[in-house]
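Everything numeric here is computed off the predicted structure, so don't read it as measured data.
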Amino acid sequence: MEPTSQPMTAGASPALHPCYSEQAHRHFARLHLAVAPACNIQCHYCNRKYDCSNESRPGVVSELLTPEQAAHKALAVGAAIPHLAVVGVAGPGDPLANPERLFATFRELAEKAPDLTLCVSTNGLALPEQVEELVKYHIGHVTITINCIDPDIGARIYPWIFWNHRRIRGRKAAEMLIAQQQKGLEMLIERGVLVKVNSVLIPGINDEHLHEVHRVVKAKGAFLHNIMPLIARPEHGTYYGLAGQVEPTAEQVRALQDACASESGETGMMNHCQQCRADAVGMLGQDRGAEFTLEKVAAMQVDWRAALAKRAAVRATIERRLAMQTQFAKAKSPIPLPARRPAIIAPETLRMAVGSNDGQTIDAHFGHAREFLIFDVSPTGMRLVARRGIDSNYCSGPTTCGDTTTVLASAIEALRDCAVLLCARIGFEPWRPLEDAGIQPNSEHAMEPIVDALLAVYREWCDGGRLETEPALVRSSA
Amino acid sequence: MAFRIVANCTNCWACLPLCPHEAIRAATPHFEIDTARCTECAGDYADPQCASICPVEGAIVDSTGQALNPPGSLTGLSPEFLTLPSTP
């Protein structure tokens, strides 16, 4: 868990929130309710024509919901996906520019799904006037998008705001927005709400300036700072997209995230952000929205009391598992960030490949897997190191059987640094070549949760003394 | 003396709660202004409220058909940009 100096309010628990905890995002699902259409500012990276189902980016939704529809959707999703932990409102406009719709939704959820963590993501303009109301509904997590604290820079990001019955433009608009954001941030911190600050990295406009933003928001007590890349393509019809504003490269984003992290002592930077749509459903990086369209949800009968009990049971299981894991890891740090990890494997680390279609359980047949998840398990925890795709399935039907030797060879090549291969099933034929390549196939944990299986196998290896006596079994990757 | 909402409207709801005379109706395909109720905010506010928060250029017009937010006035994009194909 990221350390924090913030006192926490009742609804604030980063352990359950996939956006606030690197660890939580592997276990708990979230739901965004598109209940807030209106906005009180214009950003140059946003196009208010929000109805598009083909894009995956913030502010984009397919169906706008009324508060009644939104609450029903949350209850339906909470019944169908028992590891749902968080319900957020992130748009397509600004939640706090739609206070009646927002709070009507939250009122119903507070009554019928009091276990769900509620959160909002706002531009901050209306934040100070809504802080008390947010606290009243136990909104323990608030995200504020803060792209600048300098109004001259703000004038290049925000063409206008609507404030006190007028449209205000230019530097003056940016100045007021910045003041409201900072005031709102301070008020939330004072009340123990966990605040995540999102900043959009806009090359040539706020890239250098974000160091200063980082310093200020962390000094004020923001729990996390999430620097995200600008998304700006002409087909989105945004000002930046049409005006040819460049997007940052992944390297630029990472370099800035790393620089900010080291400036503030490695704490409170978020690196697992997936820039979800404003109506996303499921685990981070996953969108099951198509299963819960207005039409489908309307037809669902929900027993919210039964769903509440089921979620409690599932949550208890996940928490037990996490506690075991924490105990297991004598750990200084939570699951570290895969991409920053140097490509060296310590002798006590076991690298394993997992065949999984759903990302949660070991459910893939070796011959049908299109990709493998590569995990490192060590005394300090486990981490997903890579997802490796293989060129074509080892077993793609009788017509391609002549090719299996080459395909198997390329699968083995893709997994060459792994000591164990976990999958739901594996044929007799590939077994021997895998073993010969030093990869132990294992289908004993079919359909089990990945985390449980990895732990079980790691324990076996430790108990069998294989990690200490045969460190050569764990080879380092180049 | 009344405004009208035209086809560019995206039904974003921003204007509806602001109208001092509750003249705006959440209709489809786009929201509508009840011309009998609309006063263009004369006597209530310095600026017409619906047009001051509307994010879409050309969506609200006056009684002569003139856009209250003409092309380029909100996005900063000059009109030639807007003729580019922009359907995502």
Exercise for the section: With the side chain counted from C-beta on, respond yes when B:Leu74 and A:Arg169 share a heavy-atom pair under 4.5 Å apart, and no when they do not. Expected result: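 The answer is yes; the side chains approach within 4.5 Å.
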
Problem - A:Arg233 portion near chain B, given a 4.5 angstrom heavy-atom threshold - result: neither

Pairwise distance [atom1]([X]) to [atom2]([Y]) - rounded to 0.5 angstrom:
X: B:Cys12; Y: A:Asn98; atom1: SG; atom2: CG; result: 8.5 Å
X: B:Thr75; Y: A:Tyr240; atom1: OG1; atom2: OH; result: 13.0 Å
X: A:Phe162; Y: B:Cys54; atom1: CZ; atom2: SG; result: 11.5 Å

Taking all atoms of both residues into account, what is the closest heavy-atom pair of [X] and [Y], and its distance?
X: B:Ala14; Y: A:Ala38; result: CA-CB, 3.4 Å
X: A:Trp160; Y: B:Pro55; result: CZ2-CA, 3.8 Å
X: B:Asn11; Y: A:Leu64; result: O-CD2, 4.3 Å

Exercise for the section: Determine which residues belonging to residues 22-50 of chain B lie within contact range of chain A, meaning some heavy atom pair is under 4.5 Å apart, and list them by number or answer 'none'. Expected result: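 When heavy atoms of chain A are the reference, residues 22-50 of chain B contributes B:Tyr45, B:Ala46, B:Asp47, B:Gln49 within the under-4.5 Å range.
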
